[in-house]
Amino acid sequence: TQCEFILQDVESVLNWGLRVFARRGNWASRARIEVDIMPMILAPKDSYRLGLIADTHGYLPSDALEVFRAVDLILHAGDIGSAEILRSLEQAAPVVAVRGNMDGGPWTKCLPEKQSVQAGNLIIHLVHDLLHFRLEPGQDARVAVVNGHTHRPLVERKNGVLFVNP
């Protein structure tokens with residue numbers, strides 16, 4: 001997924017796991033840099049606590065931040081509603097989020113439609129709508145998919161893949 005940033009500090013982008021692959025624009029003013037969002041790899045450890053959330057539509061339940069303070073990473077599966085929701089969640093733990101079909105406006109331009117996180121030997125794919133996701137055959141790692149969109153909580157395993165809709 002590509003997005004365009006206007007940056008003053010390229011290194012801060014690289015520290016967040018973004019790879020610069022092309023430069024455009026007038027370097028005399030601000031640099032316009034296109035980046036490719038790479039899968040995030042969590043630091044190795046025995047186990048991870050992940051906070052899963054989706055379809056907040058601009059509303060964050062009052063107990064969410066308290067619950068998420070105990071997690072290593074928050075995964076938001078789209079229909080966030082506002083940048084303020086992401087800023088609030090970031091007070092509890094780092095956040096990886098994807099854009100949902102109801103997310104619009106300038107703040108969403110750099111949210112990818114799909115994102116992946118590697119936690120040990122588990123690959124977690126994050127997508128808002130499962131209709132926009134296709135699992136590539138032959139992956140060596142264990143796989144989970146976190147999605148939103150339906151507003152129906154779900155935890156099920158199909159063909160060895162764990163599907164979770166929070």
Side-chain angles (χ1 to χ4, degrees), residues 1-5 16-19 21 34-45 47-65 67-90 92-166:
T1 303
Q2 298 175 358
C3 61
E4 198 171 82
F5 287 88
W16 279 97
L18 303 176
R19 177 170 43 94
F21 69 87
E34 245 181 51
V35 296
D36 182 16
I37 299 174
M38 297 168 40
M40 172 186 268
I41 300 174
L42 298 179
K45 59 188 238 177
S47 64
Y48 301 89
R49 293 180 57 95
L50 302 176
L52 308 180
I53 192 166
D55 300 298
T56 50
H57 295 278
Y59 170 75
L60 191 60
S62 58
D63 61 344
L65 289 181
V67 169
F68 287 152
R69 286 190 203 290
V71 303
D72 298 305
L73 183 69
I74 299 169
L75 302 177
H76 197 306
D79 280 357
I80 300 158
S82 72
E84 184 58 38
I85 296 294
L86 295 178
R87 283 193 289 273
S88 294
L89 289 171
E90 287 172 345
V95 177
V96 172
V98 294
R99 184 176 58 247
N101 62 300
M102 300 300 289
D103 291 325
W107 69 275
T108 66
K109 288 185 181 190
C110 289
L111 285 175
E113 291 182 8
K114 301 171 196 163
Q115 180 67 283
S116 297
V117 174
Q118 182 175 339
N121 67 343
L122 176 66
I123 303 293
I124 304 161
H125 299 289
L126 186 61
V127 62
H128 181 63
D129 186 347
L130 280 178
L131 291 176
H132 300 263
F133 178 77
R134 184 180 321 215
L135 189 61
E136 298 297 325
Q139 291 190 358
D140 294 333
R142 294 180 302 153
V143 176
V145 178
V146 177
N147 69 284
H149 190 61
T150 65
H151 296 255
R152 291 185 206 115
L154 175 74
V155 177
E156 70 177 351
R157 191 173 293 277
K158 290 183 186 175
N159 301 321
V161 177
L162 177 65
F163 289 87
V164 180
N165 185 334

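Everything numeric in this text was worked out from a predicted model, so none of it was measured. Computed over heavy atoms, backbone and side chain alike; hydrogens, waters and symmetry mates excluded.
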When rounded to the nearest 0.5 Å, the distance separating CG of Leu89 from CG of Leu60 is 5.0 Å
Once ring pair (Phe, Tyr, Trp, His ring centres under 6.0 Å) is applied, do any residues pair with Phe133, and if so which ones, sequence neighbours excluded? His125
Over all heavy atoms of both residues, which pair between Ala77 and Asn147 is shortest? Give the atoms and the distance, please. CB-C, 3.6 Å
Closest non-hydrogen atom pair between Ala43 and Tyr48, with its separation: O-OH, 2.8 Å
Those residues at least two apart in sequence (or on a different chain) that pass ring pair (Phe, Tyr, Trp, His ring centres under 6.0 Å) with His128 are His149
In this structure, CG of Asn101 is separated from CD of Glu113 (nearest 0.5 Å) by 10.0 Å
Atom CD1 of Ile124 and atom CG of Leu52: how far apart are they, to the nearest 0.5 Å? 8.0 Å
Between CD1 on residue Ile74 and CG on residue Leu50, distance to nearest 0.5 Å: 10.0 Å
Quick one: side-chain hydrogen bond (donor to acceptor under 3.5 Å, both in side chains) partners of Asp72, sequence neighbours excluded? Lys45
Heavy-atom pair with the smallest gap, counting every atom of Ala119 and Leu42: CB-CD1, 3.8 Å
Could you tell me whether the side chain of Asn165 and the main chain of Pro153 form a donor-acceptor pair under 3.5 Å? no
Closest approach of Thr56 to Ile85 (non-hydrogen atoms, all atoms of both residues): OG1-CG2, 3.8 Å
Using the salt bridge (charged side-chain N to carboxylate O under 4.0 Å, His left out) rule, collect all pairs that involve residues 48-63, keeping only residues at least two apart or in two chains. none
Residues Phe68 and Gly51: closest non-hydrogen pair is CE2-CA, 3.4 Å
For Arg87, what residues pass the salt bridge (charged side-chain N to carboxylate O under 4.0 Å, His left out) criterion, not counting sequence neighbours? Glu84
Heavy-atom pair of closest approach, residues Lys114 and Val127: CG-CG2, 4.0 Å
Can you name the residues that form a side-chain hydrogen bond (donor to acceptor under 3.5 Å, both in side chains) with Thr108, not counting sequence neighbours? none
So how far is it from Asp103 CG to His76 NE2, rounded to the nearest 0.5 Å? 7.5 Å
Judged by atom type as modelled, is there a donor-acceptor pair below 3.5 Å linking the side chain of Asp79 to the main-chain atoms of Ala54? no
Nearest-0.5 Å distance, CG of residue Leu162 to CG of residue Leu122: 8.0 Å
